[in-house]
Amino acid sequence: MAAAIGRLDSGNNLPLYHLYLVIESTGLLMLFRFRFSGNRKKWLIGIAIGLVMVTVLNAIVGQGLHQIPTYTRSIEAIIMAALSLYYFRHVFVEGQVKRLDKSFWFWISAGLLLYFTSNLLLFIFTNSLTNREDQLFLGVWAIHAGLNFLLYGFYAVAFLCQDRESSYSS
Amino acid sequence: MSGSGILLLFLTSSVIFLLMGIALVLYVMQYQKRMTRQSDEMKTRENEYQKQLVKALIEGQEKERSRIAANLHDSLGAILSATKLRVLLYGEDHPESTEFTEQTAQLLADGINEVREISHNLLPSNLSSYGLQRAVKQLADKVNAPGGIRVELEDNWANYRLPAEAELALYRVCQEMLNNTIKHAQASRVEIGFNHQNLGYSISYNDNGKGFNPELANDGLGLYTIKSRIQAINGELYIDSQEGKGTSFSITLPEFG
């Protein structure tokens, strides 16, 4: 499908990246709804709707569908990092989690924090980098790939912890 | 973007990554430290609560014992004594029934002794007057019998006295240990030592009975009571026993201010 979109008149498949952004950000925000309660759930829905609107507006009247959406990607990175930090603060104040290293939410938040804060500058300057093809440029993207790998590793650990928690409670 | 710009971006991102990683590790360490502290505090509070509970329970038990002992001694004892007196007076007035009155008076005298004995066991009067060592010696004298268990005492405390509640607790502990030896140990010899060394005052109790496995005996009420009483006065109990090799108890006492 990506190739088919790429063969269309514009010559790239970046519209899918916009779609990916919407799915990723709303997915993560909805996931965090399970962690928080009360008004914070409403806030998360509000942020998700706002982010979708910004992504759509950016695609239509901003950077366009065929450009890398650096604005929305950067905003998403800041929101995810802030959300992770908020989680850490919340956990510290609550003091209810006995073992952080066995907590699903800890691994999710740690992965998101590391990934989005480390990549924030890259997300902001993505469009300035796309025309280069030297070693340094490739190195930066290799680091990004490594961070992606790390993020999914953290997800995997989180789901393993979740699995154990479910086994213990059942 | 120029090569130096990319390099700067790469370095800045790396620094952010490192800082975030370090911050996360520090956060986890700090959090776990806090949780450990919280858990320790909770355990301490729980222990303190348990100690208070046991202390209150023991105090209640002692009060009740003291009340029963006083009632037995003052009320039933007095009634029996008066009855004995009247029976003897009746015997003097009726010589024909002397045998009957003497037998009855003897039965009443036995009853009075029994009441005194029970009352004394419930509240050892010589404990407050003469101290723990003397009270335990009296206890040992009662147990000592020809052909039975031989209880020996070694007193290195001189005239050292403990607070009344500690003396009572330790007296009950000695009583319980002797009871256990008599009931379960099949021992022929018991040694009770009131020791005083540089580390402070302590009590040792050794028997040459069949011993037991302290880990398996943890659920027993007797041992639990012993531990609770010692814990309530902030003492420490060490048990050394193996099946077939006798039993040793060592009670280390705290400094009583």
Side-chain angles (χ1 to χ4, degrees), chain A residues 70 77-78 80-81 84-85 87-103 105-144 146-148 150-151 154, chain B residues 1-57 214-216 218-219 224 227-228 231-232 234 236-237:
Chain A
T70 53
I78 292 168
M80 290 307 156
S84 306
L85 287 173
Y87 161 80
F88 286 123
R89 184 192 159 275
H90 183 71
V91 165
F92 202 84
V93 171
E94 257 189 348
Q96 295 289 319
V97 182
K98 276 186 185 164
R99 288 280 303 270
L100 274 180
D101 59 327
K102 301 231 186 284
S103 160
W105 291 105
F106 167 75
W107 288 105
I108 294 282
S109 303
L112 291 176
L113 185 67
L114 280 176
Y115 176 79
F116 281 109
T117 51
S118 307
N119 279 323
L120 182 61
L121 290 176
L122 184 66
F123 292 153
I124 294 171
F125 296 110
T126 307
N127 281 329
S128 317
L129 291 168
T130 44
N131 297 326
R132 295 184 62 100
E133 284 185 5
D134 56 13
Q135 287 295 313
L136 215 50
F137 168 76
L138 292 174
V140 169
W141 285 109
I143 302 266
H144 173 260
L147 284 168
N148 237 328
L150 187 77
L151 175 66
F154 274 47
Chain B
M1 185 180 270
S2 65
S4 59
I6 296 179
L7 189 64
L8 187 67
L9 188 146
F10 169 72
L11 285 175
T12 316
S13 296
S14 304
V15 168
I16 292 174
F17 175 76
L18 274 176
L19 286 177
M20 284 297 157
I22 292 168
L24 267 176
V25 171
L26 288 176
Y27 173 86
V28 172
M29 282 168 65
Q30 191 63 29
Y31 184 84
Q32 289 307 142
K33 210 164 122 183
R34 186 185 147 197
M35 291 310 284
T36 311
R37 200 175 54 232
Q38 253 180 17
S39 156
D40 287 349
E41 278 172 9
M42 198 176 275
K43 270 184 200 158
T44 311
R45 272 204 300 270
E46 218 165 83
N47 279 347
E48 203 53 44
Y49 174 72
Q50 280 290 335
K51 221 187 242 184
Q52 294 290 335
L53 204 69
V54 169
K55 202 173 171 182
L57 202 74
E215 282 173 22
L216 297 179
N218 266 347
D219 295 335
Y224 176 78
K227 282 181 182 171
S228 303
Q231 202 181 30
N234 295 320
E236 282 176 24
L237 173 71

Heavy-atom check, side chain of Trp105(A) versus side chain of Val91(A), under 4.5 Å: no
For the pair Tyr115(A) (side chain) and Asn148(A) (backbone), establish whether a donor and an acceptor sit closer than 3.5 Å, ignoring hydrogens and angles. no
Tell me, side chain or backbone of Ile124(A) under 4.5 Å from chain B's heavy atoms, or both, or neither? neither
Looking at Asp101(A), Val97(A), Leu120(A), Asn119(A), which makes the most heavy-atom pairs under 4.5 Å with chain B? Val97(A)
Counting only heavy atoms closer than 4.5 Å, note whether Leu150(A) contacts chain B via side chain, backbone, both or neither. side chain
Check: Asn47(B) and Gln231(B) side chains under 4.5 Å, non-hydrogen atoms: no
Heavy-atom cut-off 4.5 Å, strictly under: side chain, backbone, both or neither for Ile143(A) against chain B? side chain
Any side-chain heavy atom of Leu112(A) sitting closer than 4.5 Å to one from Phe154(A)? no
